[in-house]
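Data first, discussion second: the structure below is written as structure tokens.
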Amino acid sequence: MRYQLVADAYEKIEGTTKRLEMTDLLVDLLKKTPKELIDKIVYLTQGKLYPDFMGVEIGVAEKLAVRAVAKATGRGEKEILDDLKKTGDLGETAQKFLEKRLQALLFYKPLTVEVVYQTLDKMAKASGPGSMDQKINLLTGLLTNATPKEAKYIIRTVTGKLRLGIADMTVLDALAIAYGGGKEARAELERAYNISSDLGKVARVLVESGLEGIRKFKVSLGEPIRPMLAERLSSPEEILEKLGGKCIAEYKYDGERIQAHKDGSRVILFSRRLENITGQYPDAVELIRNHLKPEKAIIEAECVAVDPDTGEMRPFQELMHRRRKYGIKEAIEEYPVSLFAFDVLYVDGKDLTLEPYPIRHEFLEKIVEEGDRFKIAHYLITDNPEELERFFQEAIENGCEGLVCKAVSEDSIYQAGARGWLWIKYKRDYKSEMTDTVDLVVVGAFHGRGKRAGTYGALLLAAYNKENDTFETVCKCGSGFTDEDLKKIPEMMKPHEIAHRHPRVNSALEADVWFEPKVVIEVIGAEITLSPTHTCAMDRIRKGSGLAIRFPRFTGNYRLDKAPEDATTVDEILEMYKGQLKSIEAS
Ligand code: AMP
């Protein structure tokens, strides 16, 4: 197939802004394409050589392309650059200079799509020393044989500026019309695309085996499934109503979505945008290998930064330190992650995407072997709005963004690539910030595990209630302690240890060790939130809820100068919470 046909089609497509016209032009091009080239034409029209998840980019810097244009046209680089300043488009500049050259050129070898594709592929895969020169030479070779119009589109393709505006859905429409018997075939093609993320493959299967082949399309290991997305509502009542009165509510972890494909010992991780991020998370790969029982499986999980010492979740920003190409080993130690699995799409040859969620969830529970760093997303099945609200507050307090409430009906399939009402997220409309430290009383402690075995994993901290002369709990704090602190604190607290909760301590949590309220320490948190677990200011803002400090961290200051009655009071915490709300309203 002559590449000129493609260039002509591109030119026409560029000339219209109407989607229907664009689709018709694409239909023409696809019909002219021989079967064996259909996938390549599909990729090329979107400026690619492969589906995105393969991560192959032609990636020629404009500077390099300028050199190739200069070489192919026999002009100086400066001349090309001067013209580029005027046009702002190297494709156009190349076209212009090639037109001038053509008058003198008698022979050239017409370019075929095969040659263009193979050459671009070689350019994309060139690496190591000398690869720059190799890319320039390959590109020069193409340009030498190109017509001016072809040169324009080749240059735009290699520099990543083709931008014909052909969206995935336009390609699917065009394929349906050209080879699927009409637009009605689009839904089936779309499903095939959603479970493979590969438009070229969809085109190839359609052309080779028709809609029959498309219907047999199955989830495949190594090909990412386009993610299902959630709608959003802002009250438990609305959510339950929309989900038919009952749902499975899950913590909405604040991390990075990961789709893990396990094939024996081989594991691939895809991001939400379907990039291959396996190299970034060797620790997550190991978790998948060790905690997923089946030989072959595809699951979805949220990857969350955790405190290496306590296993507590850390804010999303800490995970961002893991977005790097180098120093991964160090980053793994400094910013370890946990996985929370929330769906399973494939197990040992069985495609589960069309199964209702309760069945998928059952599978998930069967195939996951939970451990400290690999868990199934914490969930609650409920039909009660108050219960849902409490679960929401608990999720926030524990470092999550809120909840994802999921349908449990017969039709609750995995809607690949779609944002629908089978998943509804429940988040806060605001995000507040705690700027001041607070001084809190140590009233209890929890035994540590792992690295913290033998000392405390976290302290139970309370604020002072002046009116009742009691201490009301406001957080469990396990972060910010140095090794020295961890050694010192048990010794320091020993004299204050008592067998039961102190009568002046008001706590809904059962600590492992109780203390007389004596010692005050300084703590900073991310914010103050409503809490179903802590007693601080219980019922004062909302019935059944207290207040808690989210992501609490010991500052290193022991307030030995303070008596427990000098600690931050419940009223002060209440004022801080109200202050947060005001500053959100004001902003
Ligand atoms: P959003 O990005 O705000 O639209 O929320 C959807 C995202 O929440 C998903 O893409 C996941 O990354 C994340 N998430 C966290 N926990 C869950 C869960 N239990 N179920 C589904 N998605 C979750």
Side-chain angles (χ1 to χ4, degrees), residues 53 194 197 224-234 236 239 242-243 247-260 269-275 277 280-281 284 287-288 291 298-306 312-320 322-323 337-345 352-353 355-365 367-368 370 373-382 388 391-408 412-431:
F53 66 82
N194 283 333
S197 310
I225 298 160
R226 300 183 68 232
M228 173 166 179
L229 303 170
E231 285 286 355
R232 181 172 181 169
L233 285 175
S234 49
I239 292 173
K242 196 86 187 174
L243 293 174
C247 72
I248 169 163
E250 296 176 357
Y251 274 15
K252 184 177 191 303
Y253 296 91
D254 200 3
E256 175 163 19
R257 184 179 191 150
I258 278 184
Q259 191 178 102
L269 306 179
F270 293 108
S271 71
R272 173 185 172 136
R273 299 174 60 196
L274 310 182
E275 294 140 334
I277 49 167
Q280 220 176 299
Y281 290 111
L287 288 170
I288 295 284
H291 293 275
I298 301 176
I299 64 149
E300 285 200 306
E302 194 80 356
C303 177
V304 184
V306 291
E312 276 170 29
M313 282 184 266
R314 304 299 309 149
F316 176 71
Q317 295 83 296
E318 296 211 3
L319 188 70
M320 291 302 94
R322 295 294 302 270
R323 287 227 174 128
V337 295
S338 277
L339 293 182
F340 296 92
F342 59 79
D343 218 319
V344 54
L345 310 176
L352 298 175
T353 54
E355 297 289 347
Y357 189 51
I359 304 244
R360 300 203 305 281
H361 202 263
E362 231 172 81
F363 260 94
L364 193 61
E365 301 209 307
I367 64 163
V368 165
E370 287 193 305
R373 307 242 326 259
F374 191 113
K375 292 198 158 53
I376 290 175
H378 191 49
Y379 68 92
L380 169 80
I381 298 173
T382 184
L388 194 58
F391 195 55
F392 169 69
Q393 287 173 13
E394 183 194 298
I396 304 259
E397 183 189 326
N398 288 332
C400 290
E401 261 192 301
L403 301 175
V404 184
C405 303
K406 301 179 177 178
V408 287
S412 57
I413 58 163
Y414 186 90
Q415 286 178 315
R419 188 180 295 285
W421 290 100
L422 293 176
W423 282 10
I424 303 176
K425 56 189 169 187
Y426 183 25
K427 300 204 283 192
R428 295 175 299 169
D429 315 327
Y430 58 87
K431 193 143 175 55

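We count ligands from 1, going down the list as the structure has it; atoms in each ligand are counted the same way.
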Under-4.0 Å salt bridge between R257 and E300: yes
Per-atom contacts of ligand 1 with E250, taking only distances under 4.0 Å to non-hydrogen atoms: 18 (C), 19 (N), 20 (N)
Nearest protein heavy atom with distance in Å, relative to atom 11 (C) of ligand 1: E302 OE1, 3.1 Å
Nearest non-hydrogen partners of V304 and M313, listed with the distance: CG1-CG, 3.8 Å
Under-4.0 Å salt bridge between E401 and K252: yes
Contact with ligand 1 for W423, non-hydrogen, under 4.0 angstrom: yes
Per-residue contact class, K406 against ligand 1 - non-hydrogen pairs under 4.0 Å: side chain
Residue part near ligand 1, for R272, under 4.0 Å between non-hydrogen atoms: side chain
Main-chain N/O of F340 paired with E302 side-chain donor or acceptor, under 3.5 Å: no
S271 (side chain) donor-acceptor with I277 (main chain) under 3.5 angstrom: no
Per-residue contact class, K425 against ligand 1 - non-hydrogen pairs under 4.0 Å: side chain
Taking atom 16 (N) of ligand 1 as the reference point, the nearest protein heavy atom with its distance: Y253 N, 3.2 Å
Option from Y379, F391, F342, Y426 for which ring-ring contact (aromatic ring centres under 6.0 Å, His included) with Y251 holds: F391
Qualifying residue, where the test is side chain to side chain contact (heavy atoms under 4.5 Å, CB included) with V344 and the options are I367, I359, I298, V368: I367
Contact partition for K427 relative to ligand 1, non-hydrogen atoms under 4.0 Å: side chain
Nearest non-hydrogen protein atom, atom 7 (C) of ligand 1: K252 NZ, 3.8 Å
Contact with ligand 1 for Y251, non-hydrogen, under 4.0 angstrom: yes
Taking atom 10 (O) of ligand 1 as the reference point, the nearest protein heavy atom with its distance: R257 NH1, 2.8 Å
Flag, side chain of R322 to backbone of A305, donor-acceptor distance under 3.5 Å: no
